[in-house]
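Since the structure is predicted, the reported quantities are computational estimates derived from the model, not experimental observations. Chain letters run A, B, ... following the sequence lines, proteins first and then strands; every chain starts at 1.
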2 protein chains.
Amino acid sequence: MKKKERQQKIIDEVSINRRVNSSFLSEKLEVSEDTIRRDIKELDDRGLLTKVHGGAISTIQKLYHYNEDVIYNRENKVRIALKAITLLEDGMVIIMSGGTTNLILAKLLPKKLKATIYTYSLPIAMQLTEHPLIETIFIGGKIHRSSMVTTGIDVIQYLSNLRANLCFIGVSALSLEQGITDEGYEVSLIKKAMISASQHTVYLATYNKLNSILNYDVCGFNDIGTVVTDFEPKAPELKAYKNAGLNLV
Amino acid sequence: MKKKERQQKIIDEVSINRRVNSSFLSEKLEVSEDTIRRDIKELDDRGLLTKVHGGAISTIQKLYHYNEDVIYNRENKVRIALKAITLLEDGMVIIMSGGTTNLILAKLLPKKLKATIYTYSLPIAMQLTEHPLIETIFIGGKIHRSSMVTTGIDVIQYLSNLRANLCFIGVSALSLEQGITDEGYEVSLIKKAMISASQHTVYLATYNKLNSILNYDVCGFNDIGTVVTDFEPKAPELKAYKNAGLNLV
DNA sequence: TAAATGTATGCAAAATATTGCATGTTTTGA
DNA sequence: TCAAAACATGCAATATTTTGCATACATTTA
């Protein structure tokens, strides 16, 4: 029996029973206890089980995990997310759009927060399953491959019947002239539906989204409520926005 | 220089430049081009870069990836999934339940298969986004944390309006007396709805699900259509099932 | 289309990894 | 506290993997 095969059997054994000891495995798999110990050590290093005195115990494994290194401008998004979290209270009903800023927000939500969250983004929904007190409702529809969100009439219709306290919208582009715009027609409609379903809307925008205009309107400048961004409050680029009456956090 | 170290250097090189060719790497790392090619092939298999004629190019990193090592009895499930795939044809409308066997099936689906797939499992939906020709529709609802599927009246209602060619159901328990049963009430209702929405139903069952009974009925023994399992066709344990008229693949 | 360049595969030598034992140390639990 | 069990480590025999070469095949490009 090869090493790989043997290690797989150890993993199986550990996942069936909560715990397994080296002497038992040594006998069952017909190798010395030293070999078993070395296997267990290696599997522990790979995070597949936990080595204990006498054998190994199972570790709760995540089926899916996401690679944060892939996210562009991650540091700034973390700062935005942390600011956005201060706006939350227990018991809120929240709608979240897609995008990596909202994904980071989902990850950073306090574990003790009680809330009901509606989303149509697969990664965000996955992330929210790790929060024990958050009830997550996924809004179904046709999946858009690259952005991993659902779109279509089903989503808009569902949102039209919803009442939420707050929604978090990832901003694609923000300008003084056009307000918030998006590059996709479908997404712009969904975001509009989110806005009208919520008492308050919070826009999450990294600084590189400022002063740009895309093809589809989401929200005119005068209707924008709160924008959370990662610019220094005194940065000159923000002055014009503040002067125009925007509530920047 | 060890293999691992060398492969890391190849990855580094590819991520700095967009592309690197084998002859350059052969000279720089002082090994034959054959070795470089073998390294590149292996790294490609692991998804860390993309092999092309003449060398390798960088691959877009996935935001989410799942850990196959976590899946119990993975080898058997792969065999079941491969058998199940032979039942598919282009243009089919398919419903998939949750579970790791279906997840593996989703992963192994031929990249050239054209199909429309309905699912209520987040991991399966994520997996399906990697198939360019598959249109995926996610059935929304309240998310059940540990199994990462949606449940509730919304799901059942949605399924009741659906007509599909085929559905794949992960089996929790199968017995001669009770047929297919499940441990959750909600899940059993959803599976029943899937069955009545589909022309044909395919049950995926690893051998350890045989001869067990759980609390909620999914499908009586006489109504079971096709079961795909990983037992040897001549195994004595299957005899009773075959004698009772079950179509085992 | 032909030459040049890149690729796949089998093979044997060399490199590397695995394993069980011997030895001494640490941990456990009565 | 002390004996028994579990553990870590070095080592040599053994098993496996890696590697470059030779050969034949495929792809590119001038």
Side-chain angles (χ1 to χ4, degrees), chain A residues 1-61, chain B residues 1-60 67-76 78-79 82 107-108 110-112 132:
Chain A
M1 196 194 316
K2 299 242 180 80
K3 188 186 168 191
K4 245 185 162 174
E5 194 184 343
R6 192 181 57 233
Q7 294 191 339
Q8 185 57 54
K9 296 211 176 192
I10 294 174
I11 290 170
D12 291 349
E13 200 65 45
V14 169
S15 62
I16 295 169
N17 312 300
R18 190 181 89 270
R19 189 203 149 96
V20 70
N21 51 343
S22 308
S23 55
F24 169 78
L25 287 171
S26 164
E27 201 166 328
K28 177 155 181 175
L29 303 175
E30 296 173 308
V31 287
S32 72
E33 288 193 33
D34 301 70
T35 302
I36 296 293
R37 268 191 283 275
R38 273 184 282 234
D39 283 338
I40 289 175
K41 184 174 187 309
E42 195 183 322
L43 292 169
D44 189 357
D45 288 345
R46 289 205 277 148
L48 300 172
L49 44 70
T50 302
K51 189 178 186 305
V52 293
H53 194 94
I57 55 173
S58 66
T59 306
I60 308 107
Q61 285 290 315
Chain B
M1 196 192 318
K2 299 245 178 76
K3 188 187 167 191
K4 249 185 160 175
E5 192 185 344
R6 190 181 59 234
Q7 295 192 338
Q8 185 56 54
K9 295 212 177 194
I10 293 174
I11 290 169
D12 292 348
E13 199 65 44
V14 169
S15 62
I16 294 168
N17 312 302
R18 190 182 89 270
R19 188 201 150 98
V20 70
N21 51 343
S22 307
S23 54
F24 169 79
L25 286 171
S26 165
E27 200 167 327
K28 176 154 181 175
L29 302 175
E30 296 173 308
V31 287
S32 74
E33 289 194 32
D34 300 72
T35 303
I36 296 293
R37 268 193 283 275
R38 274 183 281 236
D39 283 339
I40 288 175
K41 185 175 189 305
E42 195 184 322
L43 293 169
D44 189 357
D45 288 344
R46 290 204 278 147
L48 300 171
L49 46 70
T50 302
K51 189 178 186 309
V52 292
H53 195 93
I57 55 172
S58 65
T59 304
I60 310 106
N67 182 358
E68 298 207 24
D69 294 337
V70 177
I71 295 174
Y72 174 67
N73 254 166
R74 187 177 161 281
E75 291 297 321
N76 300 314
V78 167
R79 275 160 46 210
L82 290 174
K107 189 193 170 86
L108 296 178
K111 286 277 186 272
K112 61 193 186 309

Which one, C:dG20, D:dG20, C:dT19, comes nearest to the side chain of A:Arg6?
C:dT19
Between A:Ile36 (CD1) and C:dC21 (P), how many Å, whole number?
14 Å
Choose from C:dT19, D:dA8, C:dT9 the nucleotide whose nearest atom is closest to any side-chain atom of B:Arg38.
C:dT9
Can you tell me the distance, in whole Å, between the CG atom of A:Asp34 and the P atom of C:dT26?
18 Å
Can you measure from CG (B:Leu29) to CD1 (B:Ile36) and round to the nearest 0.5 angstrom?
5.0 Å
Comparing nearest nucleotides in DNA chain C, the 5'-proximal residue of the pair A:Glu42, B:Asn21 is B:Asn21
D:dA6, C:dT7, C:dT9: which one has an atom nearest the side-chain heavy atoms of A:Ser23?
D:dA6
Taking CD in B:Glu42 as the centre, count heavy atoms belonging to other residues, nucleotides or ligands within less than 6.0 Å. Is the count above 12?
yes
Greater than 12 external heavy atoms within 6.0 Å of A:Lys9's NZ:
no
Rounded distance in Å - CD (B:Glu30) to P (D:dT19)
14 Å
Looking at B:Ser22, does any N or O in its side chain come under 4.0 Å of the phosphate oxygens OP1/OP2 on C:dG6?
no
Separation of B:Lys51 atom NZ from C:dG6 atom C1', in whole Å?
9 Å
Tell me which nucleotide among D:dT18, D:dG20, C:dT19 gets nearest to the side chain of A:Lys3.
C:dT19
A:Asp44 CG to D:dA6 C1', in whole Å, measures 16 Å
Calculate the interatomic distance between A:Ile40 atom CD1 and D:dC7 atom C1'; express it in whole Å.
12 Å
Could you check how far NE2 of A:His53 sits from C1' of C:dT26, rounded to whole Å?
8 Å
Among D:dT19, C:dT7, C:dA22, the nucleotide that comes nearest once only the side chain of B:Thr35 is considered:
D:dT19
Qualifying residue, where the test is side chain to side chain contact (heavy atoms under 4.5 Å, CB included) with A:Gln7 and the options are A:Asp12, A:Leu48, A:Asp39
A:Asp39
Please report the distance, rounded to the nearest Å, between CG in A:Asp39 and P in C:dA17.
16 Å
SB check B:Arg37 B:Glu33 (cutoff 4.0 Å):
yes
